[in-house]
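Taking it in order: structure first as structure tokens, then the write-up.
Here is the naming used below: chain letters follow the sequence lines, and residue numbers restart at 1 for every chain. Fair warning: this is a prediction, and the values are worked out from it, not measured in the lab. Computed from heavy atoms alone, side chains included, the values below leave out hydrogens, waters and symmetry copies.
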Protein chains: 2
Amino acid sequence: MSNASSSTLDTPAFSPLYLQIKGLILQGLQSGEWKPGEAIPSEMDLAARFRVSQGTVRKAIDELAADNLLMRRQGKGTFVSTHAEQQVQYRFLRLRPDQGDEHSEGPARRLILECKRMRATAEMARLLALRTGDAVMHARRVLLFAQTPAILEDIWLPAQAFKGLSAERMASYPGPTYAMFEEDFGVRMVRADEKLRAVHPNAEQAALLEVDVDTPVLSVERVAYTYNDLAMELRRGLYRTDTHHYRNTLA
Amino acid sequence: MSNASSSTLDTPAFSPLYLQIKGLILQGLQSGEWKPGEAIPSEMDLAARFRVSQGTVRKAIDELAADNLLMRRQGKGTFVSTHAEQQVQYRFLRLRPDQGDEHSEGPARRLILECKRMRATAEMARLLALRTGDAVMHARRVLLFAQTPAILEDIWLPAQAFKGLSAERMASYPGPTYAMFEEDFGVRMVRADEKLRAVHPNAEQAALLEVDVDTPVLSVERVAYTYNDLAMELRRGLYRTDTHHYRNTLA
DNA sequence: GAGTGGTCTAGACCACGCG
DNA sequence: GCGTGGTCTAGACCACTCA
């Protein structure tokens with residue numbers, strides 16, 4: 001493995017071996033060479049393939065595991081992370097009941113209110129790295145915990161990557177929506193940014209959440225990214241926080 | 001370095017060497033052997049002291065650095081993290097202006113409204129691992145960005161660890177409050193949990209934030225911990241989110 | 001027992017900061 | 001030029017999984 005050197009620039013773009021290996025493994029993940037839930041080759045195999053020592057491969061995998069892109073399991077192998085079959089379903093959902101542990105309420109019920117094609121507004125285009133007017137899929141749904149509406153969400157997706165998405169599929173898929181995105185469209189969300197605000201719902205939103213229009217609700221704007229920081233989803237949610245709260249840990 | 005073995009339990013409490021080393025370094029941090037901002041001994045020195053190889057010390061330090069307890073600086077050494085002199089001031093503050101980068105507004109202005117001793121309520125006691133009625137310090141303050149009130153905060157601290165805290169000191173200290181806690185009281189906050197809700201301010205809160213009582217604001221309850229998961233601060237904040245938002249990243 | 005990841009070591013060399 | 005952390009290697013052994 002040679003160094004990515006001899007650039008014409010002054011900045012040598014010098015990169016340690018293990019970061020180059022990390023990039024190569026990342027390429028395999030992006031290209032779909034290894035799919036979510038599958039095992040990647042053993043450290044020894046990768047070391048032989050890339051002509052480096054096992055320790056160097058290990059350091060690359062360590063970082064990818066720290067980023068939640070890979071999961072190591074001693075004695076078994078290293079696996080591509082997935083939103084399915086993960087002990088914690090809803091990996092990106094931070095809403096927790098005030099009483100009781102994590103999700104003592106069981107899985108959420110979903111009501112799909114809408115799912116149709118539309119054209120991206122200027123702001124959607126900006127956030128999703130599209131052009132204004134590009135086709136996007138728009139879905140609207142309500143999540144209920146313990147028979148009570150808790151979340152109203154609008155989801156926008158680049159139509160090109162999500163051909164064939166339907167309300168029926170969203171309603172019938174058992175498990176997290178992000179797991180369905182992996183299974184049906186090969187799109188794995190690896191990271192997301194959220195902006196939170198306290199707002200009042202409008203009349204329509206209030207009705208769907210079964211609250212008064214003067215009940216404060218938590219507005220959550222999320223942009224989710226797949227490999228290589230490519231934005232693939234815009235989500236605007238309203239969370240009821242009268243019986244739940246948004247939990248966060250700072251370190 | 002021997003293994004922490006021969007327990008009477010079935011569970012061997014077996015721990016890899018590097019984790020034991022990590023624990024020993026943590027002890028040094030807790031005990032104040034190395035203070036925030038100072039350098040700890042070099043990897044070679046620590047390896048000699050603990051009778052292990054440099055690689056084992058390195059792995060222990062790697063984890064402590066990943067936890068933000070230590071900062072590595074190539075060519076210089078490894079330093080104890082601090083809330084002061086950190087490029088990002090306000091490490092635990094997630095409020096960001098809607099326009100402009102991080103804190104284009106410059107440092108916040110602080111108004112200290114109150115700072116006095118009181119007795120812990122049952123809930124404070126529970127969150128701070130005290131007993132109901134134990135002495136706590138209570139401070140109330142307003143933070144202003146760009147001359148506009150943005151945050152109203154109540155802070156409660158175990159009085160025993162914060163003897164001598166005064167409104168004057170809080171107002172005059174240049175830099176983050178958490179840095180003052182380190183400097184004046186030797187208390188370093190390493191982690192915090194937050195619970196967020198959308199609420200309405202009461203009349204007093206609304207007046208202090210210069211908003212109407214029917215303006216939704218973001219309620220942020222924070223419990224901050226020092227080494228060893230010891231709770232040392234309860235903070236209840238109200239954030240205005242009309243010109244700012246709470247930013248979070250999920251991975 | 002074979003194969004996987006996990007730990008530990010020892011040694012070589014590189015990149016950076018500073019006197 | 002020296003000391004620091006950063007990278008890379010090679011080899012040994014341990015712990016876990018599964019056939």
Side-chain angles (χ1 to χ4, degrees), chain A residues 1-7 10-25 34 37-81 85, chain B residues 1-5 7 10-25 34 37-81 85 87:
Chain A
M1 170 120 270
S2 63
N3 272 319
S5 56
S6 51
S7 155
D10 282 337
T11 51
F14 202 57
S15 169
L17 245 191
Y18 77 91
L19 284 182
Q20 300 178 43
I21 302 299
K22 184 180 176 183
L24 291 172
I25 298 176
W34 312 301
E38 292 179 5
I40 67 171
S42 75
E43 296 180 351
M44 289 306 262
D45 286 355
L46 289 172
R49 169 160 158 185
F50 297 134
R51 311 300 236 20
V52 299
S53 75
Q54 187 197 10
T56 301
V57 171
R58 169 173 296 273
K59 180 144 188 179
I61 292 179
D62 278 346
E63 291 211 353
L64 291 166
D67 294 342
N68 279 313
L69 298 184
L70 295 177
M71 297 250 310
R72 324 193 69 148
R73 280 187 247 165
Q74 183 172 154
K76 300 194 67 174
T78 301
F79 297 78
V80 183
S81 292
E85 69 104 7
Chain B
M1 170 120 269
S2 64
N3 272 318
S5 56
S7 157
D10 282 337
T11 51
F14 200 57
S15 167
L17 245 191
Y18 78 90
L19 283 182
Q20 300 178 42
I21 303 300
K22 184 180 175 183
L24 290 172
I25 297 175
W34 310 302
E38 292 179 7
I40 68 172
S42 74
E43 296 180 350
M44 289 305 260
D45 287 353
L46 289 172
R49 167 159 161 185
F50 297 134
R51 310 302 230 30
V52 299
S53 77
Q54 186 196 12
T56 301
V57 171
R58 171 173 292 275
K59 181 144 188 181
I61 292 179
D62 278 346
E63 290 211 353
L64 291 166
D67 294 341
N68 280 313
L69 298 185
L70 295 177
M71 297 248 313
R72 324 192 71 148
R73 280 188 246 164
Q74 184 171 153
K76 299 194 68 176
T78 301
F79 297 78
V80 183
S81 292
E85 68 106 9
Q87 62 284 57

Point to revise | Donor/acceptor link under 3.5 angstrom from A:Arg72 side chain onto base of C:dG6 | key: no

Study note, to complete from the structure: From CD1 of B:Ile61 across to P of D:dT7 the rounded distance in Å is 14 Å

Practice item. Remember a base hit wins even if backbone is also touched, and classify A:Arg58 as base, sugar-phosphate or nothing at under 4.0 Å, heavy atoms. Key: base

Check your understanding: When you look at B:Lys59 and B:Val52, which way does the side chain to side chain contact (heavy atoms under 4.5 Å, CB included) test go after all the steps?
Key -> CA-CA 12 Å; B:Lys59 181 144 188 181; B:Val52 299; over 6 Å; no

Point to revise | A:Leu19 and A:Glu63, any side-chain heavy atoms less than 4.5 Å apart | key: yes

Point to revise | Side-chain N,O (B:Lys59) to OP1/OP2 (C:dT7) below 4.0 Å | key: yes

Check your understanding: Distance check: side-chain N/O of A:Thr56 vs OP1/OP2 of D:dT7, anything under 4.0 Å?
Key -> no

**Study point:** Side-chain heavy atoms of A:Ile61 within contact of A:Leu46, under 4.5 Å
**Key:** yes

Study note, to complete from the structure: Between A:Gly75 and A:Gln54, the residue closer to the 5' end of DNA chain D by nearest nucleotide is A:Gln54

Check your understanding: If you check every side-chain atom of A:Glu43, which of C:dC8, D:dG5, C:dG5 has the closest atom?
Key -> C:dG5

Check your understanding: Whole Å only: how far is the CD1 atom of A:Ile21 from the C1' atom of D:dT9?
Key -> 13 Å

Practice item. Apply side chain to side chain contact (heavy atoms under 4.5 Å, CB included) to B:Asp62 and B:Arg72, showing your working. Key: CA-CA 9 Å; B:Asp62 278 346; B:Arg72 324 192 71 148; 2.5 Å; yes

Revision key, fill the gap. When rounded to whole Å, the CG to C1' distance for the pair B:Leu17 and D:dC13 reads 13 Å

Point to revise | A:Gln20 side chain vs A:Ser15 backbone, donor-acceptor pair below 3.5 Å | key: yes

Review point. Which whole-number value in Å describes the distance from A:Glu63 CD to D:dG6 P?
Key: 12 Å

Point to revise | Value in whole Å for how far the C1' atom of D:dA12 lies from CE of A:Met44 | key: 12 Å

**Study point:** Atom pair distance, as rounded to whole Å: CZ in A:Phe79 and P in C:dG3
**Key:** 17 Å

Check your understanding: OP1 or OP2 of C:dC16 sitting under 4.0 Å from any side-chain N/O of B:Lys76?
Key -> no

**Study point:** Length of the CG-C1' vector between A:Leu46 and C:dG3, whole Å
**Key:** 15 Å

Point to revise | Residue B:Ser53, side-chain heavy atoms: nucleotide from C:dA10, D:dC8, C:dT4 that is nearest | key: C:dA10

**Study point:** A:Gln74 CD - D:dC14 P separation (whole Å)
**Key:** 13 Å

Review point. Among D:dC8, C:dC8, D:dG5, which nucleotide sits nearest the side chain of B:Thr78?
Key: D:dG5

